[in-house]
Number of protein chains: 2
Amino acid sequence: MALESWNNGAAKAAIVDFVARVTKEGGAQHVPFSERVAVFDNDGTLWCEQPIQVQIFFLIDRAKELAGKDPTLKERPAFRALLEQDFGALLANGKQGAMELLAATHAGMSEEEFEATARSWFASARHPKFGRLFKQCTYRPQVELLGYLRDNGFKTYIVSGGGVDLMRAFAEEAYGIAREQVIGSSMKLRFEIKDGRPQLMKVGELGSFDDREVKPANIGLHIGRRPLLAFGNSDGDLAMMRYTKGGAGPRLALLLHHDDHEREFAYDREFKLSPLSEALDKAVDHDITVVSMRRDWKVIFD
Amino acid sequence: MALESWNNGAAKAAIVDFVARVTKEGGAQHVPFSERVAVFDNDGTLWCEQPIQVQIFFLIDRAKELAGKDPTLKERPAFRALLEQDFGALLANGKQGAMELLAATHAGMSEEEFEATARSWFASARHPKFGRLFKQCTYRPQVELLGYLRDNGFKTYIVSGGGVDLMRAFAEEAYGIAREQVIGSSMKLRFEIKDGRPQLMKVGELGSFDDREVKPANIGLHIGRRPLLAFGNSDGDLAMMRYTKGGAGPRLALLLHHDDHEREFAYDREFKLSPLSEALDKAVDHDITVVSMRRDWKVIFD
């Protein structure tokens, strides 16, 4: 049965009703296949982002590995703050510190080398609270929803602040979302012939930080269509949800509220790394359907 | 019959043989569906780019329209050079002049407004030599090839120096290539609420000039897979072809040579706007299959 991990309630009803309307042949709100675009945030929407985003766990492990080879790195403020998980100090270091870390951990190698590094990390890295592999910290109701949408002719995309290459290393296996349907933050790529082989090198310069107003801009660049459905969980997703709702005809915007301390985490506006306040406060104004993890989901993980 | 507008010869045989090898179930060179990515340049590869690219005809018509409303524009060097089709002067104006023209003609409006402008132009703008609508100046053998590849499980992409939004306004109808599979040069997009409606504005700042080494970089960003097949017609496509050929396993790179003055145009290294010299001279070294318009194509247009 479709959406079997969703409890019957307003959220599930809104989804099923919406999909029925846009797919009904000859119906007043029928939407052709080509325009059935659904965009999902990743961190906190498709998988767990607490106590810190998976990307940051990866960053810490990569920084540890690099500092093991070159101990002088530990003296650099951004590395020290990261290794000590002092996020106050890390944020105080500002953009320059963040870029230094990204350049050291996510660049200076080819796309293929990064992919191998990421896959190897995903094969063993585990969540500190749940003890399961990070790639198994995806939400089962959402994986069902992605499949349900695809069964109804939707193309499903990730539009996330996470690094595009890290997501591409697991999204196909975890969500059934192909690499070309993953949009994220990115470092610039440079084509070069290295050791006689033409390849793409990741260079230490930010290409795009895919958050807030940049999300709809990247949807325009990569997809070129206004989505029919958007699903997020933080203020970083509000622009994407509003862009979606701003189109003509039927549109659905969904906001996951983490209110389930028992089974996962309960948080919203106090989570510094990705707060939820405006999107929650204005959900009614913007016709955004709030999904309660506690009430709407029968189970969280597989 | 597939590829009926292609003459039997080395080029057609190379294509058919390649597709047979990568699609043969259980074959040594079988490639799964997800990796069957084919990238095509547009100008001069999928449609006519002479005497100047269609994008430049569009630019001239847009500039005329704007100058009709504001005659002082004619006094600006870049506008004057464009309106007089003095491409020497236009190129001498350099990047700043080009950006001024792009900002005036391709920006300051929403994505949807630009789309409407482009569609309206395509509905009536005609090629000066052939008298047919520009959107009917596509090459029939290539439209057949795109369909043949899709029938064999390939995803077909455009990767062109042309503006992404102009191409998206006709690519689905002309080539069967969906908007999200069109990669091109782009102006930056900015999300804003205008007249109460959330939308994407095209702003007067270059996002990406999708030519030469930038083509493989954009393939990495948008698709995240190394193509299996690349088709181009100029030195601007050489990096994309070399990136394609640099992957493991079977890969095919094709180069269209315009050597047909009778039916279309004959040109290569002397075409200033997009020369073909290095890719032709080094085709053997790089294992690039040269396609002769004169010998390999039975017909050019529909």
Side-chain angles (χ1 to χ4, degrees), chain A residues 33-35 37 110-112 115 155 157 164-165 167-169 171-172 178-184 186-194 196-203 207-208 212-226 238-248 286, chain B residues 33-35 37 110-112 115 155 157 164-165 167-169 171-172 178-184 186-194 196-203 207-208 212-226 238-248 286:
Chain A
F33 284 106
S34 61
E35 295 295 329
V37 170
S110 72
E111 281 269 279
E112 278 120 350
E115 172 93 6
K155 260 192 167 175
Y157 287 85
V164 64
D165 293 321
M167 294 189 287
R168 282 176 174 164
E172 201 146 7
R179 301 171 69 86
E180 58 270 29
Q181 281 159 234
V182 178
I183 300 168
S186 56
M187 304 298 276
K188 289 198 174 165
L189 296 170
R190 187 176 61 219
F191 175 73
E192 59 182 54
I193 315 286
K194 200 184 161 201
R197 185 150 178 263
Q199 53 194 303
L200 288 177
M201 296 296 293
K202 287 168 70 78
V203 296
S208 173
R212 296 186 172 266
E213 281 69 26
V214 180
K215 288 195 175 197
N218 274 334
I219 290 171
L221 178 65
H222 288 257
I223 309 178
R225 308 182 195 264
R226 204 186 277 253
L238 185 55
M240 171 169 94
M241 291 192 266
R242 293 201 64 190
Y243 177 58
T244 298
K245 293 291 293 183
H286 298 318
Chain B
F33 284 107
S34 61
E35 294 296 328
V37 170
S110 72
E111 281 269 280
E112 278 121 351
E115 173 92 6
K155 262 193 165 174
Y157 287 85
V164 64
D165 293 321
M167 293 189 287
R168 282 175 174 164
E172 202 146 7
R179 300 171 70 85
E180 58 271 29
Q181 282 159 231
V182 178
I183 300 168
S186 57
M187 304 298 276
K188 288 198 174 166
L189 296 170
R190 187 176 61 221
F191 174 74
E192 59 182 53
I193 314 287
K194 201 185 160 198
R197 183 148 181 264
Q199 53 194 303
L200 288 177
M201 296 296 293
K202 285 168 72 79
V203 295
S208 174
R212 297 186 170 266
E213 281 68 25
V214 180
K215 288 195 174 197
N218 274 333
I219 290 170
L221 177 66
H222 288 256
I223 309 178
R225 307 182 196 264
R226 203 186 279 253
L238 184 55
M240 170 169 93
M241 290 192 267
R242 293 200 65 190
Y243 178 57
T244 298
K245 293 291 294 183
H286 298 318

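On a predicted model such as this, the values are computed, not experimentally measured, just so you know. Residue numbers begin at 1 in each chain, while the letters A, B, ... track the order of the sequences.
In this structure, B:R242 contributes its side chain and A:P198 its backbone to no donor-acceptor pair below 3.5 Å. B:R190 places no side-chain N or O within 3.5 Å of a backbone atom of A:A217 that could act as its donor or acceptor partner. With hydrogens and angles ignored, the 3.5 Å screen pairs no side-chain donor or acceptor of A:R179 with any backbone N or O of B:I223.
When side chains are defined from C-beta on, A:K188 does not count as touching B:L221, because their heavy atoms never get closer than 4.5 Å. At least one side-chain heavy atom of A:E180 sits under 4.5 Å from a side-chain heavy atom of B:K155.
Heavy atoms of B:E172 lying under 4.5 Å from chain A belong exclusively to its side chain. For A:E192, no part lies under 4.5 angstrom from a heavy atom of chain B. In this structure, no portion of A:E115 lies under 4.5 Å from any heavy atom of chain B. When heavy atoms are compared at a cutoff of 4.5 Å, A:R168 approaches chain B solely by way of its side chain, counted from C-beta outward. Of the atoms belonging to A:E111, it is side-chain heavy atoms, and not backbone ones, that fall under 4.5 Å from chain B. For A:I193, the part sitting under 4.5 Å from any heavy atom of chain B is the side chain, from C-beta outward, and nothing else. In this structure, no portion of B:K215 lies under 4.5 Å from any heavy atom of chain A.
The two residues B:A178 and A:R225 come nearest to each other via the heavy atoms CB-NH2, 3.6 Å.
Per-residue heavy-atom pair counts under 4.5 Å with chain B were compared for A:G196, A:A239, A:G184, and the maximum is reached by A:A239. Most heavy-atom pairs under 4.5 Å with chain B: of the set A:G247, A:G207, A:G224, this distinction falls to A:G224. With respect to chain A, the highest number of heavy-atom pairs below 4.5 Å among B:E112, B:Q181, B:H222, B:E213 belongs to B:H222.
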**Request:** May I have the step-by-step check of side chain to side chain contact (heavy atoms under 4.5 Å, CB included) for B:R226 and A:L200, ending in yes or no?
**Result:** CA-CA 10 Å; B:R226 203 186 279 253; A:L200 288 177; over 6 Å; no

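We find the CZ-CG distance between A:F191 and B:N218 to be 13.5 Å, quoted to the nearest 0.5 Å.
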